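Input: a single structure, listed below in structure tokens.
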Amino acid sequence: MKHINKSLVAAALAASLLSAPFAMAEKVLRIGHDNKADIMENPAHAFTGVFKNIVETATNGEIKVQVFPSNQLGSAKEHIQMVRDGQLQGTLAPVGPLAGYYPRIGVLDVPFAFSSNAATYEVFDGKFGQTLARDIEGELKDVKVLGFPDTGGFFSVTNSKRPLESLEDFKGLRIRTMTLPTHQKIIQSLGAEAYPLAWGEVYSSLQTGVIDGQMNPIPTVSFAKFNEVQGYLTLTNHLFAPYTFMINKDFYDGLTPEQQAIVSDAVEIALSSNRGLARLIEASNDRGLDGLKAKMKVNALSDDQRQAMRNATQPGVIEYIKETHGDKGTELLELFLAEVDKANQSVYLQ
């Protein structure tokens, strides 16, 4: 009997030793974001869904990814703080909430800067994006920035009054913006009244006439159903404001080099999926521009109209950024403008 007990103890000890590496190796990466839990409807959830699939598969389950969409764990700003505190391991931070922790994100808000979506990807995947990521990390010190997913493309402007074809058309309109001074400066420079408002209040404020309009990418206009309370959509393409995908630095540093490489590869593939879905939504009949055309009056700016709006907004915003963000901000801004100019002039696939 004693021999049997010793054998059982030895077997149990061996089993615990064999299972211990797996228990120690398994890590949980919790990601919070503020959009819908539909991988085929929302670029943010498409990014996290593809990222989750690749990381869990490539690490053989050593890293488990849990995604909490639709602000289940708090607001976008709270998500950032939770990542910094290690309560969450990752989030897709919109520029508005991120500005509360990293004000220099405002250098992205030069209006009418980009000529195409391809140019935006070149800038944020290249030298500027790498510099921006390192600057955010240096400022916050407790996060690792891994990429800049698409929020849905260029910003357009909707309103309930009239088509926007000239600066004159903006006069008297109350346009909702994020709580970003640069966004407010753009709207004011166009001649409208900037009305900062939390995202959760936008639909009801449009519905009741508290505000006349708002600015967001096409997929956001569609899934938020702004067509129900807005009659006009103008394709201004005046801003591109990506998410910043960040994870907790201690969590990242605790990964093995092989796991870090897998996470990096997963981000790259997830970015392609995220951006591709954004373009598909824009082009789809039910959720994209064609679907909105059946419900709203849509107009695009001519080259002359776009240039007039660029002339009215760019100088003041650039000056504001330089004055507000000091030498570091000016240096980052100058790199941004140089890389944007280079990307705008490059020919796709040449």
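Remember, predicted model here, so these are calculated numbers, not experimental data. Residue numbers start at 1 and run along the sequence shown.
Using bins of under 30°, 30° to 60° and over 60° for the plane-to-plane angle, the ring pair F47/F51 lands in the parallel bin. Using the six-membered ring where Trp is involved, F240 and F114 have ring planes that are perpendicular, over 60° apart on the 30 and 60° scheme. Between F226 and Y203, the ring-plane angle classifies as parallel under the 30° and 60° cut-offs.
The salt bridge (charged side-chain N to carboxylate O under 4.0 Å, His left out) search around K185 returns none, not counting sequence neighbours. Under the rule for a salt bridge (charged side-chain N to carboxylate O under 4.0 Å, His left out), K322 has no partner lying at least two apart in sequence or in another chain.
More than 12 heavy atoms of other residues, nucleotides or ligands sit less than 6.0 Å from atom CD of E137. Within a 6.0 Å radius of CD in Q72, more than 12 heavy atoms belonging to other residues, nucleotides or ligands are found. D85 CG: more than 12 foreign heavy atoms inside a 6.0 Å radius.
Counting only N and O atoms by type, the side chains of D303 and Q307 include no donor and acceptor under 3.5 Å apart.
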Return a table of donor-acceptor pairs under 3.5 angstrom between the side chains of residues 150-164 and protein atoms on other chains or two or more places apart.
| residue | atom | partner | partner atom | Å |
| --- | --- | --- | --- | --- |
| D150 | OD1 | G152 | N | 2.7 |
| D150 | OD1 | G153 | N | 2.6 |
| D150 | OD2 | Y121 | OH | 3.0 |
| D150 | OD2 | R279 | NH1 | 2.9 |
| T151 | OG1 | A241 | O | 3.1 |
| T158 | OG1 | Q214 | NE2 | 2.9 |
| T158 | OG1 | Q230 | OE1 | 2.7 |
| N159 | OD1 | K161 | N | 2.7 |
| N159 | OD1 | R162 | N | 2.9 |
| N159 | ND2 | R162 | O | 2.7 |
| S160 | OG | D212 | O | 3.4 |
| R162 | NE | D169 | O | 2.9 |
| R162 | NH2 | D169 | O | 3.1 |
| R162 | NH2 | K171 | O | 2.7 |

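E339 has a carboxylate O that lies under 4.0 Å from a charged side-chain N of K342, or vice versa, which qualifies the two as a salt bridge.
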Determine whether I63 and L255 satisfy the following criterion, side-chain contact (heavy atoms from CB on, under 4.5 Å), listing intermediate values before the conclusion. CA-CA 9 Å; I63 302 177; L255 301 177; 3.8 Å; yes
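Side-chain N or O atoms of N248 include one that pairs as donor or acceptor with a backbone N or O of V83 at under 3.5 Å.
Taking each heavy atom of D286 and K295 in turn, the nearest pair found is O-NZ, 4.4 Å. Looking at every heavy atom in both residues, M40 comes nearest to D38 through N-OD1, 2.9 Å.
Grouping the Ile, Leu, Val, Met, Phe, Trp and Tyr side chains by contacts below 4.5 angstrom, directly or via other members, places V317 with I175.
Between H45 and H33, the distance from one ring center to the other falls under 6.0 angstrom.
For the side-chain contact (heavy atoms from CB on, under 4.5 Å) test with F112, the passing option among L301, L239, N237 is L301; the others fail.
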